[in-house]
Amino acid sequence: MKFYFPDSQDLVSPTYDFINDEYSPYRVRQRDDVYAHQAVTPVPYDGILVSKAVVDGSMKGAGKYSAPQRERFYRLGVRNFFRLPEACSTIGDCGAFNYIDEERPPYEVDEVLDFYGRCGFDAGISIDHIIFGYLPEESDSEPEAAWINRQQISLELAEDFINAATTSGARFEPVGAAQGWGPHSYAHSVQELQKMGYRRIALGGMVPLKSHEILACLRAIETVRAPDTELHLLGINRVDSMEQFARHGVTSFDSTSVFRQAFMDDRNNYHTATDSYTAIRVPQVDGNPALKRLILSGSVSQAQAIIAERACLRALREFDSQEASLEEVLSVLETYESLVLGPKKKSYLEYYERTLSDAPWRTCPCALCDKHGIEIVIFRGTERNKRRGFHNLTVLEAKMRSLTFG
C-alpha cells in the first residue's frame, strides 16, 4: 500500500532559532528550507501528489505557488523541484476541490497533459468533477441530475485524456478518475474507465464518506474490476480500514489529515503509535489576531501579555530539562491562558497536564523530537506546527509498515 502526500508547499527552516523565534538573516527559502522527506528518516511517504490548481491557481484564485516558484517548478520538473529521493514516485491531479462550484472543470485536456508531461510526473489523473452526495444501496432516492451530469463530464474527459495521452506518446501513466454517488454508480464509473483502457483508477469524492460506506463502494467495484486494475483513494486516510481496503484492490491513497491535525485539530495534535496528545498553546503576542484585538481594545495589557508569554516558554524548557515541576509549569500556563482565552472560553489545562505528564516526545524515535525536545509539542507558529505535522507523518509511516496486506 503506497501513501502519497499532497503538496501544499509545506517546508521548515533547518536554521530556525526557537529561543529567539527568528529566522537566520542568511536564509533563502527555496534554497535552504526542507520538505518532510528531507527532515525525517525514513522518508514518511512513498510519493507526493501535486495538483495543477495548487501550482497554477484555479477559479478560486491564485495557487500556493508564487510566480517565481511556479516558473522554477516548470523549469526543473517535479523531481528536481522537490529534491525527491529516487524511491519516491509522483502523481499529478487537477485539484477538483478548487473548482467544485463551477459547472464544468476550468481546464482543457491538452493543458493538463502539458502540465503532467513538461513537469515529468510518473502518473497523471484525468480531469474530474466532484460529486458531493451519497446514496446507500438500500436507498429509494433518485440521484440529483447534477450528480449524473458530473459523472458523465468526468467520464467524457477521461476518455479524451487517455486518447490524447496515447496519441501524443505521453511518458506518464494515465490514471482514470471515477466519481459516483453510491456503490453502483462508482462501479459503473470503474467499468467505463476500464473499457477506455485504464488499469489504474482514482476514486474521488469519498472524503465525506464513513469507512463502511467506502467499503460498500469497493465491494460493488469488485464485481466489475479487472484483476490487474489498481485503485487509488483520493484524500482518504483510514489506517484502521486499510487492510480491508487492500483486499478490494486499493493499492495507494493520499491524505494530508495527520499533517494538518498538528495545527488544525482542537485536541489531537501530536500523534504516537497508540495515542494522540494536545499541543501546548503559547501564541505569539504580536502574531495572534485574537490576542492583538484584546490588546487594542484595552482588555489586556501588552506588557503583561509579553511577560506571561516569555514565562511560559521559559517554564516549558525548564520542565523539559527537569528544572521545573509539572505544577509550576501548569501555573504559568494558566496565567497566560487566562489572558489569551478570557473567562468564557474552555480551558486546555487538563489536556496540557496529560501531555506534560506523559512527555511523549522524550521516547519518540523521530529525528525532530530528538533534536527539538519539548518545542515539538508547543503550538506556536509555522516552524513548530509543521515540524509536529512532519512528526505525525513518521507515525503514520510506522503504522502503515506494521499492517499486513496478505
* Would you mind checking if R354 and E350 are paired as a salt bridge, meaning a charged N to carboxylate O distance below 4.0 Å? => no
* **Side-chain donor-acceptor pair present, S211, R238, cut-off under 3.5 Å** => yes
* Asked: Are Q151 and S189 close enough that a side-chain donor and a side-chain acceptor fall under 3.5 Å?
  -> yes
* **salt bridge (Lys or Arg N to Asp or Glu O under 4.0 Å) assessment of E375 paired with R317** => CA-CA 8 Å; E375 304 288 346; R317 289 165 186 152; 2.7 Å; yes
* Beyond-backbone contact of F3 with L393, side-chain heavy atoms, under 4.5 angstrom -> yes
* Could you name each residue pair satisfying salt bridge (Lys or Arg N to Asp or Glu O under 4.0 Å) that touches residues 213-226, not counting sequence neighbours? => E222-R225
* Asked: Any chance the rings of F379 and F263 have centres within less than 6.0 Å?
  -> no
* If you measure only the distance, is there a donor-acceptor pair under 3.5 Å linking the side chains of Q261 and N268? -> no
* To do: For the residue pair Y116 and D93, confirm or rule out a side-chain donor-acceptor distance under 3.5 Å.
  => no
* Got a donor-acceptor contact below 3.5 angstrom from the N163 side chain to the D160 backbone? -> no
* Asked: Does F18 offer a backbone N or O that forms a donor-acceptor pair with the side chain of R384 under 3.5 Å?
  -> yes
* **Aromatic centroids of F5 and F390 separated by under 6.0 Å** => no
* Asked: Excluding sequence neighbours, so at least two apart, what forms side chain to side chain contact (heavy atoms under 4.5 Å, CB included) with D110?
  -> L113
* Asked: So, S347 and E337: side-chain donor and acceptor under 3.5 Å apart, yes or no?
  -> yes
* Asked: In Å, rounded to the nearest 0.5 Å, how long is the span from CG of L291 to CD of E309?
  -> 8.0 Å
* Could you tell me whether a side-chain N or O of T355 sits under 3.5 Å from a main-chain N or O of T278, the two making a donor and an acceptor? => yes
* Would you please name every residue forming a ring pair (Phe, Tyr, Trp, His ring centres under 6.0 Å) with F82, sequence neighbours left out? => Y35
* Asked: Between the side chain of T90 and the main-chain N/O of D122, is any donor-acceptor distance below 3.5 Å?
  -> yes
* To do: State whether a side-chain donor-acceptor pair under 3.5 Å links E22 with Y16.
  => no
* Check: F172 ring centroid to F121 ring centroid under 6.0 Å -> no
